[in-house]
Every structure is written in structure tokens, then in C-alpha cells.
Amino acid sequence: MKILILCTGNSCRSQMAHGFLQSFDDKLYVRSAGTQPAEHINPMAVSVMKEAGIDISDHIPVDVENYIDEPWDYVITVCSNADATCPSFKGRVGKRLHIGFDDPSKLSGTESYVTGEFRRVRDEIKNAFARFYLSEIKKVELPHCMCE
């Protein structure tokens, strides 16, 4: 199973989603990329993922063009900009999904506030990708929750 997670900068949300999804099942081929990749991964994303027991410190932002010719079972966008500008893939794409999240890297404020927002988005990503993994990959029927 090949899954590509796409964001604009590939420095925060897509990297966290990549880390979680790979941690759920090491047999999955998971990659993340950006439509306009940043120079480096966001240090706060690395920090809050480490708190969750996942090390993404060796991840680097990658241009989606590196993956455009490959076949993918899933291409998942995690930000509205990447969803709107998602390129056409030359390789076969089984399903294209959008699972959007706020961008904590754009926030300003106290360190406590920004850290809290990174944790909130991290937890939202973990929950959404756990649901994706169980329902789409493992084919487990999940109860619908009115709280989402």
C-alpha cells in the first residue's frame, strides 16, 4: 500500500501525518511532499511528535514533483492550498482524499499558546489518520461520531 501525504511546505502537518501513519503500520509505504517545500522541517513539529513517541527529526521537505510519475493507492492533502493546487499525477492514483487541518506554523503569540496549538493539531492529525487507517486500510467499520 503506497500513500502520499501532500501539503504546501511539507514541514509540519504532512510530516506529522506521515509519522503517525507510518507508526500505525511499518509495512505501509508512506511518503510526504510539498507543492512548495520548505527548506527544513518545523522544529516545533519535531518536538511535539517526540512528545507523542514518534521521531521525525530525520524527515526533510520533498517536492511533490519527485513522486509525480509514481502510482499511489492514496494521495491525501492535509491543507486547503495543496488541495486546490494538487498537481496531476502521471502515475495511477487509486483515491485522492482531503483531510484538512489548521496550520500551527502560521501562528504567533506566547510560546505556551503556540506549543498548545501544535499539540492540538498533532492530536487532530493522529485521530484523523487513525480513523483513515482503520476504515480505509484495515477496512474496520467505525461508528459515526457527531462530535467531528
Side-chain angles (χ1 to χ4, degrees), residues 1-89 91 93-138 142 145 147-148:
M1 177 79 48
K2 288 181 64 174
I3 303 166
L4 178 64
I5 304 167
L6 187 59
C7 200
T8 302
N10 189 223
S11 66
C12 186
R13 293 166 287 179
S14 54
Q15 295 286 359
M16 289 193 280
H18 179 167
F20 278 123
L21 196 52
Q22 196 69 75
S23 77
F24 300 153
D25 189 337
D26 63 4
K27 293 176 183 68
L28 295 175
Y29 179 87
V30 181
R31 296 293 180 265
S32 60
T35 56
Q36 299 171 341
E39 289 186 34
H40 52 82
I41 191 167
N42 186 298
M44 185 62 74
V46 172
S47 177
V48 298
M49 288 299 286
K50 195 167 283 188
E51 290 175 1
I54 298 171
D55 184 5
I56 60 170
S57 63
D58 63 343
H59 288 203
I60 57 169
V62 176
D63 194 308
V64 68
E65 292 297 321
N66 291 341
Y67 301 120
I68 211 84
D69 294 326
E70 291 185 39
W72 296 96
D73 296 298
Y74 290 90
V75 172
I76 305 170
T77 53
V78 293
C79 74
S80 55
N81 184 54
D83 187 38
T85 62
C86 187
S88 294
F89 283 77
V93 173
K95 287 187 180 181
R96 188 180 172 296
L97 304 173
H98 177 68
I99 308 173
F101 304 97
D102 294 334
D103 186 357
S105 68
K106 300 290 186 204
L107 297 174
S108 59
T110 65
E111 182 179 339
S112 173
Y113 170 73
V114 173
T115 302
E117 286 299 292
F118 266 87
R119 288 177 179 139
R120 176 186 65 81
V121 172
R122 174 204 61 202
D123 294 345
E124 288 177 3
I125 290 170
K126 178 182 180 181
N127 291 336
F129 275 85
R131 288 186 68 80
F132 163 78
Y133 175 71
L134 290 172
S135 64
E136 293 286 326
I137 307 302
K138 294 306 240 179
L142 300 173
C145 177
C147 58
E148 295 182 334

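Since we're looking at a predicted model, the values are computed, not measured.
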Can you tell me how far [atom2] of [Y] sits from [atom1] of [X], rounded to the nearest 0.5 angstrom?
X    : Y    : atom1 : atom2 : value
S11  : D103 : OG    : CG    : 7.5 Å
R13  : L6   : CZ    : CG    : 11.0 Å
I76  : S32  : CD1   : OG    : 11.5 Å
F129 : F24  : CZ    : CZ    : 9.0 Å
S14  : L4   : OG    : CG    : 9.0 Å
S23  : M49  : OG    : CE    : 7.0 Å

Without swapping roles, check the side chain of [X] against the backbone of [Y] for a donor-acceptor pair under 3.5 Å.
X    : Y    : value
D102 : P104 : no
D73  : I3   : no
K126 : F20  : no

I137 vs L28, test: side chain to side chain contact (heavy atoms under 4.5 Å, CB included). Steps then yes/no. CA-CA 10 Å; I137 307 302; L28 295 175; 4.2 Å; yes
Could you label the plane-to-plane angle of the F132 and Y74 rings as parallel, tilted or perpendicular, counting under 30° as parallel and over 60° as perpendicular? perpendicular
Which atoms form the tightest heavy-atom contact between [X] and [Y], and what is the distance?
X    : Y    : result
T35  : V64  : CA-CG1, 4.2 Å
I99  : A128 : CG2-CB, 3.8 Å
F101 : V121 : CB-CG1, 4.2 Å
H18  : I5   : N-CD1, 3.5 Å
V114 : S108 : CG2-C, 4.0 Å
P61  : G9   : CB-O, 3.7 Å

With heavy-atom distances below 4.5 Å as the criterion, would you say the side chains of L107 and F118 are in contact? no
Under 4.5 Å between any side-chain heavy atoms of V48 and M16, yes or no? yes
Which residue pairs satisfy the side-chain hydrogen bond (donor to acceptor under 3.5 Å, both in side chains) criterion with at least one member in residues 52-68, sequence neighbours excluded? Q15-H59, D55-S57
Test: side-chain hydrogen bond (donor to acceptor under 3.5 Å, both in side chains). Region: residues 36-48. Which pairs qualify, not counting sequence neighbours? none
Using a strict cut-off of less than 4.0 Å between a Lys/Arg side-chain nitrogen and an Asp/Glu carboxylate oxygen, indicate whether K95 and E136 qualify as a salt bridge. yes
Cation-aromatic face contact R31/Y29, 6.0 Å, 45 degrees: yes
